[in-house]
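Here is the structure we will look at.
Every value quoted in this text rests on a predicted model; they were computed, and no experiment measured them.
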Amino acid sequence: MGKRVALVLAGCGVFDGSEIHEASAALVHLSRAGAEVKIFAPNIEQRDVVNHLKGSPTEEKRNVLVESARLARGNIQDLAELKAAEFDAVIFPGGFGVAKNLCSWAVDGKNCTVNEHVNSTLQAFHSAKKPIGLCCISPVLAAKVFPGCEVTVGQDKNVDGRFPDAETASAIAELGCKHICKNVNESHVDKANKIVTTCAFMCKAPLHEIFDGIGTMVQEVLKLA
C-alpha cells in the first residue's frame with residue numbers, strides 16, 4: 001500500500017502562489033512512487049496578486065484555496081481540515097506564495113509570522129515524528145517553526161550567479177538553524193527532525209535538474225515515512 005502524503009499549496013503561480021513546476025514535479029514523483037496524495041491550501045486571501053506577464057502587482061483580490069484548486073484540478077481541501085493522523089508525510093512546494101501567504105517572510109524576513117494552520121500542520125507532523133518535505137523557499141517555514149533544525153536552500157554564496165537569493169541561508173542561520181549547502185539535484189535530510197529539503201528554483205538551473213532535485217526530496221520523505 002502506498003504512503004499517504006498531504007501536499008500543501010500556497011496559490012497558483014510563482015510570484016504570488018505556489019511554483020507550478022515544483023508542485024507538478026512533486027506530484028509526478030509521488031505518483032511514480034505509488035503514493036496516495038491529497039492536496040490542501042489555507043482558505044485565506046492572497047497577500048497580493050501579481051501580473052505574471054508584467055511582473056507587477058495588480059489591484060485584484062484572490063483566495064489562496066481557490067487559486068490552488070487550479071493546480072489540484074479542483075480536488076483540494078481547506079488546510080484547516082488536514083489531520084496529521086491520516087497521513088504518513090507532508091510536502092510543501094515553494095514559490096513566493098509560501099513567503100507571502102503561508103508566512104510573511106517576503107515582508108518580514110526572519111521576523112516573519114507563520115499562518116496558524118500552516119504552523120499547526122507542521123507541529124502536528126513533527127510531534128508525530130512524521131516526515132516533512134520542503135523545497136525552494138519553503139524550508140524557511142521549518143527554520144521559523146523548529147529552531148535548531150537543519151535545512152538547505154542551496155548555497156550560502158551566489159556561486160557563478162546561480163544562487164541570487166543566497167542571503168536566505170544567513171537569515172536561516174540567524175534563526176538558530178543550520179544551513180547545509182547542497183546542489184540543485186540534491187536534498188538534505190535532517191534525520192533528528194525528519195525534515196527533508198531541496199533548493200529547487202532557489203538555484204538558476206535547467207528545469208530537469210530542479211525536477212531531479214525534487215525527486216530526491218520526495219524519495220527521502222517516503223523512506224522516512
Could you tell me which non-hydrogen atom of I214 sits nearest to which non-hydrogen atom of T198, and how far apart they are?
CA-CG2, 4.1 Å
Answer yes or no: is there a side-chain heavy-atom contact under 4.5 Å between C12 and I20?
yes
Any side-chain to backbone donor/acceptor pair from S104 onto T113? Under 3.5 Å, distance only.
yes
Does atom CZ of R47 have more than 12 heavy-atom neighbours from other groups under 6.0 Å away?
yes
For L9 and L102 the tightest heavy-atom approach is O-CD2, 4.0 Å
Can you find a pair of side-chain heavy atoms, one from F146 and one from C177, that are under 4.5 Å apart?
no
Can a donor-acceptor pair be found between the side chains of T216 and S187 at a distance below 3.5 Å?
yes
Could you check whether any side-chain heavy atom of I210 comes within less than 4.5 Å of a side-chain heavy atom of H21, counting everything from C-beta outward?
no
Are M217 and V5 linked, directly or through intermediate hydrophobic residues, by side-chain heavy-atom contacts shorter than 4.5 Å (ILVMFWY only)?
yes
Charged N to carboxylate O below 4.0 Å: is that the case for K194 and E150?
no
Side chain proximity check, F40 to H117, heavy atoms < 4.5 angstrom
no
Flag the pair K100 and D48 as a salt bridge only when some basic side-chain nitrogen lies within less than 4.0 angstrom of an acidic carboxylate oxygen.
yes
Can you find a pair of side-chain heavy atoms, one from V218 and one from V221, that are under 4.5 Å apart?
no
For L79 and P42, the nearest pair of non-hydrogen atoms, with its separation, is CB-N, 3.7 Å
Report yes if the side chains of L65 and I76 come closer than 4.5 Å at any heavy-atom pair, otherwise no.
yes
Distance only, no hydrogens: is a donor on one side chain within 3.5 Å (strictly under) of an acceptor on the other, for D108 and N111?
no
Looking only at the side chains, is there a donor atom on one of N43 and N63 sitting less than 3.5 Å from an acceptor on the other?
yes
Can you give me every donor-acceptor pair (side chain of residues 83-97, partner residue at least two apart or in another chain, under 3.5 Å) with its distance?
residue : atom : partner : partner atom : Å
D88     : OD1  : R4      : NH2          : 3.3
D88     : OD2  : R4      : N            : 2.7
D88     : OD2  : R4      : NE           : 3.4

